[in-house]
Number of protein chains: 2
Amino acid sequence: MMLDERKIKILAAVIHDYIATAEPIGSRTIARKYRIGISPATIRNEMADLEELGYLSQPHTSAGRVPSHKGYRFYVDFLMPVKKLSDTEQALIRRIFNKRVNELEQLVREAARVISTLTSYTTLTIGPQLKTSRLKHINVNRIDETKGLLLMVTNYGTVSHNIIEIPQNLNDSDLVRISNVLNANLQGKTLVEITSDIIDSIKNEMIEYDEILNILLEILLENLDDVDESGNVVSTGSSKMLDYPEFQDVEKAKNFFSLLEQNDLMTKVLKTSMKPDSINITIGSENPFIEFQDFSIVTSNIRVDDKDLGVFGILGPTRMEYSRVVSILEQVTNYLTKTLSTML
Amino acid sequence: MMLDERKIKILAAVIHDYIATAEPIGSRTIARKYRIGISPATIRNEMADLEELGYLSQPHTSAGRVPSHKGYRFYVDFLMPVKKLSDTEQALIRRIFNKRVNELEQLVREAARVISTLTSYTTLTIGPQLKTSRLKHINVNRIDETKGLLLMVTNYGTVSHNIIEIPQNLNDSDLVRISNVLNANLQGKTLVEITSDIIDSIKNEMIEYDEILNILLEILLENLDDVDESGNVVSTGSSKMLDYPEFQDVEKAKNFFSLLEQNDLMTKVLKTSMKPDSINITIGSENPFIEFQDFSIVTSNIRVDDKDLGVFGILGPTRMEYSRVVSILEQVTNYLTKTLSTML
DNA sequence: ATTTAGCACTCTAAGTTCGAGAGTGCTAAA
DNA sequence: TTTAGCACTCTCGAACTTAGAGTGCTAAAT
């Protein structure tokens, strides 16, 4: 059954009010606040219908109505108004992209902070999946008599560095040679493509440098492992959640914070709700992970030239200011992809 | 007035029990649990004395006693038993120092995590004060036709890297020359010593590279600013606090988390409670910052060869397991300084 | 055929009362 | 000096009460 216009108005009113107040809404309130021009009694009848259809529910018999997940879904799909951001908000976003920043990670981190400031929800991010990133540059710098720095830069602008011990018998031109060979063999490869075949061939090419090569390649492999750990999710603004009435119960709050600490779970969640669409909304029980029953997650892909460079995820109560969150996310990801496409 | 032995026993009992239970302790409980061989009535008299002397206090007339800050102080200074760590705990600590890690930051981060796991309190860390760190190595690597990487390594092993645009007209040997000059002029200097005089002299030395030098020096100055922001405090294990009865009140929990978010305040607090002693305990109102009335902080300096490389701070309720915390901190900082002294 | 006023009914949330329990301080006996 | 005894105090939770918000149904009004 399709909803008629009056039902839609009422549904919208309930959701709008509930998002703002977190209190169940009664028929009288709607009649008073949202001038639809019908009496509370009629609204009551309509609300009973909406409940039967699954869009609303009642916490208990004599309370007002609360939106169900289906209700939010309808709202998000058909009713949600486009929220224009205020000038100051826009300015705040633009500001971080005006700074000349050349590193993906830093840029993403700043963006996440702005998102969480503007939305007042927790912002999660996972960076580019290193598995798919390609080695752009690798070399060894000497920093003093005994120490050097192994540098790796990926095509996404991610830099990793490791201080290493340099064997006494190597001079600077040895290091240059090693760097050259490493580059020649590894440049353009994704990390998973670096197989033992390639490694062996490098070793063969430079048997005389066996000692340092072992060290370097071990570090390379270590970094590969770190990648698989998928522990690269970062969250910002988590303490804001304690302001919301749904977390006034300490049990709930504890639950939330320990969820956040489970990096692997959070990564999975972000990845699964990351669909081809630019913005994706997962409401309450729509989430395959039961732990997120009472949360909604809005994700947005950072995608440049068909490459996925990361994801933003806004985690909040199902009673989330969806329209606001979506606008902010759209805005930020837009700027970000624009900036990144010139940068990479 | 000095406390006689019996009073001390009773005080110790109250503190011991209160640390374990967070409930006020009555005379009967002490007589029952801690066989001191005197009746509840006598204990009551003694407790009344201890209260008058300021070591205990009563939440309300007909409740048991609770240690005051002065009580904790006495306990910490004179009574605290040395807590031996269990073998598994020791092993856990040793494990992180067995991994070959060459970077200060990473090592400190791991150490902080172990501390917070073992203590179940929040662990704060500030790394080496970059102001005092000396530039050990600086250079520019090319990573592709248009981009390069500015690398800076300090004597503490801190590495900072920035991707930069390289002007078209520069070839690799130009970069080498620039790196050499930068090194020659800046090596061994602390960041604050890099004055505009030095910068000017570098520019004069290589007027032909004005363009890139401006970029590089701008980044250098930016990094300097970041240092001053003192926003380099990191916390681990904050959600554990929600398990303690003193944070069952959401208001308190919120308060705690927003404290944690005030980076500048936290840095100040850590720095002020960081005394020459290796381990320092600040109990409740002893803390000059009123926000920390209800907390205790145990700090431990990471000091190698008279250089301060950072601080650990354990933040917990005044009812803290001081002896455990101190042992763990001692143990970890010991290992850490040992490792670092071979590393730096 | 809808809409609405009216009303009985339900349920929660916030007070209020009350008694049990834990603990105290004082007194007087050991 | 220590301790038993006892009256007193205060908190905490349980049980009860009530105001208020909201509902659903019925019957009248449109």
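Lettering follows sequence order; numbering is per chain, from 1.
- Inter-residue side-chain proximity for B:Asp17 and B:Ile30 is flagged as unmet; no heavy-atom pair is nearer than 4.5 Å.
- When all heavy atoms of B:Gly313 and B:Leu270 are compared, the closest pair comes out as CA-CD2, 3.9 Å.
- Comparing the end axes of the helix from C:dA1-D:dT30 to C:dA30-D:dT1, each fitted to five base pairs by superposing C1' atoms of four pairs onto the next four, gives an inter-axis angle of 20° (nearest 10 degrees).
- Separating the CD1 atom in B:Ile25 from the NE2 atom in B:His16 is a distance of 10.5 Å, to the nearest 0.5 Å.
- Under 4.0 angstrom from either OP1 or OP2 of D:dG24 there lies at least one side-chain N or O belonging to A:Arg65.
- For the residue pair A:Ser116/A:Thr236, the side-chain donor-acceptor check at 3.5 Å is not satisfied.
- Using a 4.0 Å cut-off between charged nitrogen and carboxylate oxygen, A:Lys240 and A:Asp243 do not count as a salt-bridge pair.
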Polar atom pairs (N or O), protein with nucleotides 6-9 of chain C, under 3.5 Å:
from  : atom 1 : to      : atom 2 : distance (Å)
C:dG6 : O6     : A:Arg44 : NH2    : 3.3

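- The local environment of CG in A:Asp77 is crowded, with over 12 non-hydrogen atoms from other residues, nucleotides or ligands closer than 6.0 Å.
- Using a 4.0 Å cutoff on non-hydrogen atoms, no part of residues 14-22 of chain B comes near DNA chain C.
- Separating the CG atom in B:Leu79 from the OH atom in B:Tyr322 is a distance of 13.0 Å, to the nearest 0.5 Å.
- Annotation: cation-pi pair B:Lys252/B:Phe247 absent, no NZ/CZ under 6.0 Å from the ring centroid and within 45° of its normal.
- Across all their heavy atoms, B:Ser238 and B:Thr122 have their closest contact at CA-OG1, 3.3 Å.
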Report all interatomic pairs (protein N or O, nucleotide N or O of nucleotides 13-17 of chain C) with separations under 3.5 Å.
none

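- Checked options A:His69, A:Gln293, A:Arg73; the residue passing with A:Glu286 is A:Arg73 (criterion: side chain to side chain donor-acceptor pair (under 3.5 Å)).
- We find the CD-OH distance between A:Glu321 and A:Tyr121 to be 4.5 Å, quoted to the nearest 0.5 Å.
- Applying a 4.0 Å cut-off to non-hydrogen atoms, the residues of residues 23-40 of chain A that approach DNA chain C are A:Ile38, A:Ser39, listed by residue number.
- Among the heavy atoms of the strands lying under 4.0 Å from A:Thr61 are primed sugar atoms or P, OP1, OP2 only; no base atom is included.
- Annotation: side chain of B:Ile93 is in contact with side chain of B:Leu85 (closest heavy-atom distance under 4.5 Å).
- Distance, A:Met47 CE to D:dG24 C1': 11 Å, rounded to whole Å.
- As rounded to whole Å, 13 Å separates atom C1' of D:dT2 from atom CD1 of B:Ile10.
- Whole-Å rounding puts the A:Asn45 CG to D:dA27 P distance at 15 Å.
- Remark: A:Lys83 does not engage A:Glu89 in a salt bridge, criterion side-chain N to carboxylate O under 4.0 Å.
- B:Asp4 places its CG atom 11 Å from the P atom of D:dT1, with the value rounded to the nearest Å.
- With rounding to whole Å, B:Ile43 atom CD1 is found 12 Å from D:dT2 atom P.
- The side chain of A:Gln58 lies closest to D:dG24, out of D:dT2, D:dT3, D:dG24.
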Problem set entry | Chi angles and distances behind the side chain to side chain contact (heavy atoms under 4.5 Å, CB included) call for B:Phe292, B:Leu259 | CA-CA 9 Å; B:Phe292 292 83; B:Leu259 263 187; 4.1 Å; yes
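- Counting only residues at least two apart or on different chains, the side chain to side chain donor-acceptor pair (under 3.5 Å) pairs with a member in residues 23-32 of chain B are B:Ser27-B:Arg44.
- In this model, no side-chain donor or acceptor of B:Ser62 finds a partner on the base of C:dT24 within 3.5 Å.
- Straight-line distance from the CD atom of B:Glu52 to the P atom of C:dG25: 11 Å, rounded to whole Å.
- Here the P atom of nucleotide D:dC25 and the CG atom of A:Asp49 are 12 Å apart, to the nearest Å.
- In this structure, A:Tyr55 and A:Phe74 have perpendicular ring planes: the angle between them is above 60°, well past the 30° mark.
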